[in-house]
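Letters go in sequence order (proteins before strands), and every chain restarts at 1.
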There are 2 protein chains.
Amino acid sequence: MPTKNIRRALDVQGLRVTNQRLLVLQVIQRGQGHLAADEIYRRAREKNPHLSLSTVYRTLQTFKKLGLIEELHIDEGHHHYEKRSTQHHHLVCLGCGRVVEFQYPSANLIKKNVREARDFEVTSSEIRMTGYCPKCRQERE
Amino acid sequence: MPTKNIRRALDVQGLRVTNQRLLVLQVIQRGQGHLAADEIYRRAREKNPHLSLSTVYRTLQTFKKLGLIEELHIDEGHHHYEKRSTQHHHLVCLGCGRVVEFQYPSANLIKKNVREARDFEVTSSEIRMTGYCPKCRQERE
DNA sequence: TTCATTGCAAACAGTTTGCACCTTC
DNA sequence: GAAGGTGCAAACTGTTTGCAATGAA
């Protein structure tokens, strides 16, 4: 997402464009999927060692509300964030913790069905599977 | 699940059958879906006021490992637990927090596809959607 | 100049752990 | 009697918040 769009997204809400916000967003964009807050913090601090962790959290909440990023509940204990993009889902290996993303086009169909069957306005959906990747499966034997 | 089966499940692992474990499991079984740890604690204490919260947590971990219950990541901040039963999924209302369960038979198909496409041994899957229930949708207008 | 935003430290919530005592087998 | 389980309090982890200082508009 070019800077211009971020500016607009913030502007519309009367929010200010700060270095911290631009930096956090940059980290998330470069980070290819599901970063935890403390990892975002770590990476962002390489560029701006003054950045505080609470700013990271506040920024993440802000971006979430703006719809710029999505919050995932991949594993226990903490959240992950990633930029909002083409819908994809997550496959979590219980052995090594690796997270594989996969597309599943008919997820939209499920969404539509649920909407109709339950009269629920669905704003987001996530399919999350856990199991063992080929490598960990081998090691378990 | 009758007591006999619980006993066996524990027995097989060399684990002991204690009042606390039976009590926690009973609460979960009666609790019809997704209880948070502190709610389980609250309910169990009505029967045994001596029960400690850490025992509840330890018991939940034990049951999870045994496959007697499942841990869900429905919302932020804390986990939910429910007895392992017929596969169902969750629809979370962002307005009132209500969680509606729904069945989705073709979830198994997705599972199978993912297994084949990714060579991933899938042990569990959850579809989680967020949105607004009819009531909250009305109120938002 | 004004008001949103930040950094810091302190508070929180949920969960885990060490240890002495208790219970199941 | 031995080993596993429990209760308690204290520790931990991830996240949030109050407040004074800072910086974008």
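Per the geometry, CZ belonging to B/Arg21 stands 10 Å off P belonging to C/dC25, to the nearest Å. Whole-Å rounding puts the A/Asp38 CG to D/dT16 P distance at 13 Å. Here C/dG14 presents its P atom at 15 Å from CD of B/Glu71, a figure rounded to the nearest Å. Regarding A/Tyr41, its OH atom lies at a distance of 15 Å from the P atom of D/dT13, rounded to whole Å. With rounding to whole Å, A/Leu22 atom CG is found 14 Å from C/dT6 atom C1'. For A/Leu60 and C/dT6, the CG to P distance is 11 Å, given to the nearest whole Å. In this entry the distance linking CG of A/Leu10 with C1' of D/dG23 reads 15 Å, nearest Å. Protein atom CZ of B/Arg7 is 11 Å distant from nucleotide atom C1' of C/dT24, rounded to whole Å.
Of the side-chain N and O atoms in A/Gln20, one or more sit less than 4.0 angstrom from OP1 or OP2 of C/dG7. Using a 4.0 Å cut-off, some side-chain N or O of A/Ser52 falls inside it from OP1 or OP2 of C/dG7. Regarding contacts with the backbone of C/dG14, every side-chain N or O of B/His79 stays at 4.0 angstrom or more from both OP1 and OP2. Side-chain nitrogen and oxygen atoms of A/Tyr57 include at least one within less than 4.0 Å of the OP1 or OP2 phosphate oxygen of D/dT15.
The 5' end of DNA chain D is approached more closely, in terms of each residue's nearest nucleotide, by B/Thr18 than by the other of A/His78 and B/Thr18. Between B/Thr59 and A/Leu15, the residue anchored nearer the 5' end of DNA chain D, judged by the nucleotide with its closest heavy atom, is B/Thr59.
Screening B/Glu71, B/Glu82, B/Glu70 against B/Lys64 for a salt bridge (charged side-chain N to carboxylate O under 4.0 Å, His left out) leaves a single residue, B/Glu71. Of the residues B/His80, B/His34, B/His79, B/His78, the one that meets the ring-ring contact (aromatic ring centres under 6.0 Å, His included) test with B/His73 is B/His79.
Here A/Ala36 lies out of heavy-atom contact (under 4.0 Å) with every strand. Contacts of B/Leu53 with the nucleic acid, taken as non-hydrogen atoms under 4.0 Å apart, include base atoms.
Looking only at atom types and distance, the side chain of B/Thr55 has a donor-acceptor partner in the side chain of B/Ser52 under 3.5 Å away. No side-chain donor from either of A/Glu126 and A/His89 sits under 3.5 Å from a side-chain acceptor of the other.
Closest contact between the side chain of A/Ser54 and the listed nucleotides D/dA3, C/dT16, C/dG7 involves C/dG7. Distances were taken from every side-chain heavy atom of A/Arg16 (C-beta onward) to each of C/dG7, C/dC25, C/dC3; the shortest belongs to C/dC3.
Evaluation of atom-type donor-acceptor distances gives no pair under 3.5 Å for the side chain of B/Arg58 against the base of D/dG4.
Of all heavy-atom pairs spanning A/Cys133 and A/Arg98, the tightest one is CB-NH2, 3.6 Å.
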